[in-house]
Student: 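If you scroll down you'll find the structure; I have some questions about it.
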Amino acid sequence: MPPKRQIWLLMQLLPVMLVLTVLFGGALLLGVAQALGFAPWFGVNTFPDTSHFAALWSDPVFWRSLGFTLYYAFVATGLAVVFGVLLALALRESFAGKTLFKYIYKLPLMIPYAVGIALAVLLLGNGGMASRMMAFVGVIDDPSQFPQILKTHAGWGIIAVYVWKQLPFVALTVYAVLLGLGRETEEAAKVLGANRWQVFWHVTLPQILPAIVSSSLIITAFNIGAFEAPFILGGGFPDTLPVVAWRYFNDADYTLQLRGMAVVVTLAIVSGVVLFAYLGTYRRFERKRGRS
């Protein structure tokens, strides 16, 4: 690209880059400063003070909260990726009602998470539709005997909401790639004697892997930082880290907001480490395959 063209593109991107730097970079620096004791508007200015991080990281409850946060994020992401890839592969086939189904499966993308949470309560709660239906057909004697799915640290309600919302996103991303690839390489592998599993593992999967990685990175980042579903459907104390931060920010002792900011900064660090490790592993894998 000619130097003049590069300069022109840079000038076009400069306003956007400036806004992003000021808004996100400034907010990040202010958050770190607050976590280190800089909050003169509260009458607190002990910068640099690491006591908030020390108190947080020395608390065993913090590590349990971190474990729940990562558990919900990873399990939901894994299930969404598996079922999303299967759905994308199924969409390549011809079946009755496919045109209508291609619109229906995308509906969760347009519905807010709050609606999904409400649906989970209505369907999976002990007084919900599922429990009443099972009592009606005689599987259980009373709706209260329905297994506890919501508000437990197993988090199946949280995971169900995440998967319900994110599965179509993964499927749509992978399906778009599959449409662009065609079936020529798969047909060639079949002609050479490969079975369906070998075709998927050695031909299809390597071609859709970038789409899987990119979509899973996005939903993992969201799941780690999500607040609504763990707050409403979670098992309570110990909460996930976003809920812990929210409780600190709403405590009557306003100085605990600095502890809450330490939680937020820690969560950002954990998210960055997880995502960079994931992306680095994928890049090493691609280099071993001879792809840069």
Student: Say you draw a straight line from CG of L279 to CZ of R284; how long is it, rounded to the nearest 0.5 Å?
Tutor: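 Those atoms lie 10.0 Å apart.
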Student: Hey, what do you get for OH (Y278) to CZ (F74), rounding to the nearest 0.5 Å?
Tutor: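 Going from OH on Y278 over to CZ on F74, the span is 10.5 Å.
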Student: When you compare the side chain of L70 with that of V270, does any pair of heavy atoms fall below 4.5 Å?
Tutor: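 Yes - at least one pair of side-chain heavy atoms lies under 4.5 Å apart.
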Student: Looking at CD1 of I117 and CZ of F231, how far apart are the two atoms once the value is rounded to the nearest 0.5 Å?
Tutor: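 It comes to 10.5 Å.
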Student: First locate atom CG of L178, then atom OG1 of T173, and finally report the distance between them rounded to the nearest 0.5 Å.
Tutor: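 It comes to 11.0 Å.
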Student: Could you give me the CA-CA distance, side-chain angles and deciding distance for L91 and F101, then say whether side-chain contact (heavy atoms from CB on, under 4.5 Å) is met?
Tutor: CA-CA 9 Å; L91 287 171; F101 181 76; 3.8 Å; yes
Student: In terms of ring plane angle, is the pair Y162 and Y113 parallel, tilted or perpendicular, where the classes change at 30° and 60°?
Tutor: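 Perpendicular, since the angle between the ring planes exceeds 60°.
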Student: Below 4.5 Å, heavy atoms only, C-beta onward: do L233 and V121 meet side chain to side chain?
Tutor: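 Yes, at least one pair of side-chain atoms sits under 4.5 Å.
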Student: Of the options L56, V244, L66, which is the one that meets T266 in a side chain to side chain contact (heavy atoms under 4.5 Å, CB included)?
Tutor: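 For T266, the side chain to side chain contact (heavy atoms under 4.5 Å, CB included) test succeeds with only one of L56, V244, L66, which is L56.
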Student: Given 3.5 Å as the limit, does a donor-acceptor pair link the side chain of Y72 with the main chain of H153, or not?
Tutor: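 Indeed, once roles are kept as given, a pair shorter than 3.5 Å links the two residues.
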Student: Crowded around R92 CZ? As in, over 12 foreign heavy atoms under 6.0 Å?
Tutor: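 Yes, the 6.0 Å shell around CZ holds more than 12 heavy atoms from other groups.
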Student: Go through it in stages, so that I can follow the logic: the residues are Y175 and K102, the test is side-chain contact (heavy atoms from CB on, under 4.5 Å), and I'd like the CA-CA distance, side-chain angles, deciding distance and then a yes or no.
Tutor: CA-CA 11 Å; Y175 181 57; K102 287 173 67 174; 3.8 Å; yes
Student: In Å, rounded to the nearest 0.5 Å, how long is the span from CE of M129 to CG of L124?
Tutor: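 Those atoms lie 10.5 Å apart.
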Student: Are the side chains of F169 and I218 in touch, meaning some heavy atoms are under 4.5 Å apart?
Tutor: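 Side chain of F169 against side chain of I218, heavy atoms only: contact under 4.5 Å found.
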Student: Measuring only between side-chain heavy atoms, which start at C-beta, is L267 closer than 4.5 Å to P242?
Tutor: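 Yes, their side chains come closer than 4.5 Å.
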Student: Closer than 3.5 angstrom, by distance alone: can the side chain of E228 be matched with the main-chain N or O of P230 as a donor-acceptor pair?
Tutor: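 No; judged by distance alone, with no hydrogens or angles, the pair does not exist.
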Student: Within a radius of less than 6.0 Å around CH2 of W164, do more than 12 heavy atoms belonging to other residues, nucleotides or ligands occur?
Tutor: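 Enclosed: over 12 neighbouring heavy atoms sit under 6.0 Å from CH2 of W164.
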Student: Any sub-3.5 Å donor-acceptor pair from T220's side-chain atoms to L217's backbone N or O?
Tutor: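 Here the side-chain-to-backbone pair does not exist.
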Student: Taking the side chain as C-beta and beyond, is there a heavy-atom pair between F200 and V85 under 4.5 Å?
Tutor: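 Side-chain contact under 4.5 Å: yes.
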Student: Does the T69 side chain pair with the main chain of I224, one donor and one acceptor, at a distance under 3.5 Å?
Tutor: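 Side chain of T69 to backbone of I224: no pair is present.
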Student: With a sphere of 6.0 Å drawn around OH of Y71, does it hold more than 12 non-hydrogen atoms of other residues, nucleotides or ligands?
Tutor: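 Above 12, so yes.
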Student: To the closest 0.5 Å, what do you measure between CE (M261) and CD (Q257)?
Tutor: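 If I round to the nearest 0.5 Å, the distance is 7.5 Å.
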Student: Could you tell me whether the side chain of V170 reaches within less than 4.5 Å of the side chain of L87, counting heavy atoms only?
Tutor: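 Side-chain contact under 4.5 Å: no.
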Student: Given 3.5 Å as the limit, does a donor-acceptor pair link the side chain of K151 with the main chain of G157, or not?
Tutor: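 A pair under 3.5 Å: no.
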